[in-house]
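In what follows, a structure is listed as structure tokens, so that the remarks can point back to it.
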Amino acid sequence: MKAERFSEASEREIVELLTRYPTKQAALLPVLWVAEREFGYIAPEVMELVAKRLDVSPAHVYGVVTFYTMYQKEPPAQFHIQVCQTLPCAMMGCDKIIEHLKNKLGIKAGEKTKDGRFKLSTVECLASCGTAPAMRVNETYYENLTEAEVDRLIEGFNK
Amino acid sequence: MERVLTKNFELPESHTLQVYEKTGGYAALKKALGMQPNQIIDEVKNAGLRGRGGAGFPAGMKWSFVPQNTGKPVYLAVNADEGEPGTFKDRAILEKDPHRMIEGVMIASYAIKAKTAYIYIRGEFDLSYHRLEAAVKEAYAKGYAGKNILGSGYDCDLYVHRGAGAYICGEETALLNSLEGNRGYPRIKPPFPAVEGLFKSPTVVNNVETLAAVPYIIENGAAAYKKIGTEKSPGTKLFSVSGPVMRPGIYEVEMGYPMRKFLHEDVGWMRPGKILKAVVPGGSSMPVLTAQEVEEVNLDYESIASKGSLLGSGGMIVIDDSVCMVWALENLAHFYSHESCGQCSPCREGTGWSYKVLRRMLHGESKKEDIELLLDIGQKMAGKTICVLADSLSMPIASYIGKFRDEFEAHVRGDCQRCRKVH
Ligand SMILES: Cc1cc2nc3c(=O)[nH]c(=O)nc-3n(C[C@H](O)[C@H](O)[C@H](O)COP(=O)(O)O)c2cc1C
Ligand code: SF4
Ligand code: FES
């Protein structure tokens, strides 16, 4: 991937972000969000660009990117399905939802479909325990899941 | 009971400034700006407001620890990283009434003389994040944040800072490291953040719910707040209820309310066919209460502590009799071992080892000694680490085995009826 500079729009955002903190480094998490939005995912070249822009070492950026689970480190699937597996959701039947998704998509948790459309992940508590089982697809929450509801959602994504 | 935190939750468009102002919003900030910062701290101290993020530290006292003579700026960091399993109350405040928290943030900032407040919000949050951002913009536009707030001469900027997926960043010093653009590693205390926190400057870290209670206290006075709840646990608390109950969800409860009554009358008790076995009262890291203890306990700090558990975040996980406690504990051990930041060996090794032992126990491959081994691992990692994440698994280990030992023994023998039935 080539990532030599930020677009003008991203650069404007970064300039604004930098006014919020007394150090450049403190803008790292938000700037990584900007970078991910612009480049699709955070490839090593993007880490270097971010490091240069914020005057921190690429190693520092790498350390941060790999610490946090949400930054995409490889080309993302079109739909990233993240099903909560923590106790309240587990009591309310998330295992069935996960099994159902595995069968439907023909992949295991942590895998991507061959066409790159879906990735299935199991994640920890999403703070939706009262509407369990819950999942996120990309940024959006889906709650009170049933197998039928999952079928409907996948059908919608496939349109 | 007068509702302090959720009174607008059912109103249409409750998240907008228009609705918040119409219901008297930001009157407390106006009042606060006419008071001396010290007076505000005293009022919050007298109200007996305790931190709602889990540790229950008195909020006014924390504010009073901030030294004002260091020549460094003072910061407020709002903990909106809600991630403790079973807890989903802060998300609700951010979605339904973000201005109440923002008003609390501005009052707290004025009281500790902060010129900048950062709201650290969990990266996964979607709707709550967008509503919070929109609310911050509205607050700036109306002069509730930024320069010369409501003509008082007081300036304070307010920024939303998104996390990126790491439970440990809810720990206050990990949160500060994360805000500085680092990995979210907890720091050794002391120094406490109030003395040396963000950018090596005095910093108060408060939970969303704690701050959302502040406008009520300033507007109505400490005495009014103290009228609600018990003598030692004043006010109201949000409980987020999950598990196979009739009406899971968020409830604002007057402190001291009987738990049995709460679960029966408010939550509607168990779903048909489900029998109550146990309740984790304050988020997944807290010791479990048996059904018998549920009968006897009230929802306040002291009463729950008298049964050996803690009120914590108010994340109430209701467990029914079909759930195997080995299975439940294995699930939590997976969570805590996954979320350990790995800095301290007792935590890194202890959470992972507990998980492995529980896993083999769950699959009927363990020896009798494994029960003692688990207790031993738990005991040896508690209290020996930089933050209390290790204790967060150690406490469930001790209480689940202590109160439901027969279920662990059944697994060792390989004849758990529950696991055969449900899983
Ligand atoms: C592992 C761990 C995770 C925590 N997660 C949160 C959290 O998500 N939200 C929160 O407010 N406090 C959390 N806390 C507690 C904070 O460290 C801190 O006590 C709290 O934010 C202080 O605010 P309060 O006094 O208003 O409660 C956590 C603590 C630990 C040890
Ligand atoms: S106790 Fe665990 S989570 Fe906390 S600092 Fe140590 S290793 Fe990290
Ligand atoms: S346990 Fe699944 S959202 Fe909390």
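The sequence lines fix the lettering, A, B, ..., with proteins before strands; numbering per chain opens at 1.
Near-neighbour residues of residues 3-30 of chain A relative to chain B, defined by a heavy atom under 4.5 Å from a heavy atom of that chain, comprise A:T19, A:R20, A:Y21, A:P22, A:T23, A:Q25, A:A26, A:L28, A:L29, A:P30.
The most heavy-atom pairs under 4.5 Å with chain A, out of B:C169, B:S178, B:G184, come from B:G184. Interface check for chain A: of the options B:A166, B:G315, B:P85, the most heavy-atom pairs under 4.5 Å are formed by B:P85. For the set B:S284, B:P248, B:C341, B:A92, the entry with the most heavy-atom pairs within less than 4.5 Å of chain A is B:P248. Contact tally against chain A (heavy-atom pairs below 4.5 Å) for B:E84, B:E339, B:R122: the top residue is B:R122. Between chain A and the options B:A164, B:G249, B:P244, B:G165, heavy-atom pairs under 4.5 Å are most frequent for B:A164. Of the listed residues A:V61, A:T66, A:T86, the one with more heavy-atom pairs under 4.5 angstrom with chain B than any other is A:T86. Ranked by heavy-atom pairs under 4.5 Å with chain A, the list B:E82, B:H161, B:E124 is led by B:E124.
Contact of B:F335 with chain A is made through backbone and side chain together, with heavy-atom distances under 4.5 Å. With a threshold of 4.5 angstrom between heavy atoms, B:N331 approaches chain A through side-chain atoms but not through N, CA, C or O. Interface residue B:R91: only side-chain heavy atoms are found under 4.5 Å from chain A. Proximity to chain A is absent for every atom of B:R247, based on heavy atoms less than 4.5 angstrom apart. Looking at B:V267, neither its backbone nor its side chain comes within 4.5 Å of chain A, counting heavy atoms on both sides. Contacts between B:E330 and chain A at a heavy-atom distance below 4.5 Å are absent for every atom of the residue. Proximity to chain A is limited to the side chain of B:I168, based on heavy atoms less than 4.5 angstrom apart. Looking at B:Y118, only its side chain comes within 4.5 Å of chain A, counting heavy atoms on both sides. When heavy atoms are compared at a cutoff of 4.5 Å, A:T131 does not approach chain B at all. Residue contact with chain B, scored on non-hydrogen atoms closer than 4.5 Å, involves the backbone and the side chain of A:Q85 alike. For a residue to count as touching a neighbouring chain, one of its non-hydrogen atoms must lie under 4.5 Å from one of that chain's; by this rule A:M91 touches chain B with backbone and side chain alike. Neither the backbone nor the side chain of B:V280 comes within less than 4.5 Å of any heavy atom in chain A. Within the 4.5 angstrom heavy-atom criterion, no atom of B:S240 approaches chain A. Interface residue B:N182: backbone and side-chain heavy atoms are both found under 4.5 Å from chain A.
From B:S201, atom OG reaches atom OH of B:Y75 across 5.0 Å, with rounding to the nearest 0.5 Å. With values rounded to the nearest 0.5 angstrom, A:F79 atom CZ is found 10.5 Å from A:L153 atom CG.
A:E147 places no side-chain N or O within donor-acceptor distance of the main-chain N or O of A:K96, the cut-off being under 3.5 Å. Within the 3.5 Å criterion, the main-chain N or O of B:D321 finds a donor-acceptor partner in the side chain of B:R418. With hydrogens and angles disregarded, no donor-acceptor distance shorter than 3.5 Å links the side chain of B:D155 to the backbone of B:K115.
Summarising the local packing, NZ of A:K102 is surrounded by more than 12 heavy atoms from other residues, nucleotides or ligands at distances under 6.0 Å. Annotation: B:K137, atom NZ; neighbour count of heavy atoms from other residues, nucleotides and ligands within 6.0 Å does not exceed 12.
A cation-pi arrangement, defined by a distance under 6.0 Å to the six-membered ring centre and an angle within 45 degrees of its axis, is present between B:K277 and B:F404.
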**OP:** Start with the C-alpha distance between A:I42 and A:Y62, add both sets of side-chain angles, then the distance that settles side-chain contact (heavy atoms from CB on, under 4.5 Å), and finish with yes or no.
**Re:** CA-CA 10 Å; A:I42 301 178; A:Y62 178 82; over 6 Å; no

**OP:** Take A:R152 and A:E155, measure what salt bridge (charged side-chain N to carboxylate O under 4.0 Å, His left out) needs, and give me the verdict at the end.
**Re:** CA-CA 5 Å; A:R152 256 195 308 279; A:E155 218 170 279; over 6 Å; no

Subject >> B:E209 vs B:K89, salt bridge (charged side-chain N to carboxylate O under 4.0 Å, His left out): CA-CA, chis, key distance, verdict >> reply: CA-CA 8 Å; B:E209 183 188 348; B:K89 60 177 182 90; 2.9 Å; yes

**OP:** Evaluate the side-chain contact (heavy atoms from CB on, under 4.5 Å) criterion for residues B:F88 and B:S242: first the C-alpha distance (whole Å), next the side-chain angles of each, then the deciding distance (0.1 Å), finally the verdict.
**Re:** CA-CA 9 Å; B:F88 47 99; B:S242 62; 4.2 Å; yes

Subject >> Steps toward side-chain contact (heavy atoms from CB on, under 4.5 Å) verdict (B:D157, B:Y159) >> reply: CA-CA 7 Å; B:D157 278 309; B:Y159 301 118; 3.6 Å; yes

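Salt-bridge formation is not detected for the pair A:E38/A:R53: no Lys NZ or Arg NE/NH1/NH2 atom is positioned less than 4.0 Å from an Asp or Glu carboxylate oxygen.
For the pair A:N158 and A:R117, the minimum side-chain heavy-atom distance is below 4.5 Å.
Taking the six-membered ring where the residue is Trp, B:H338 and B:H334 present parallel rings, their angle staying beneath 30° rather than reaching 60°.
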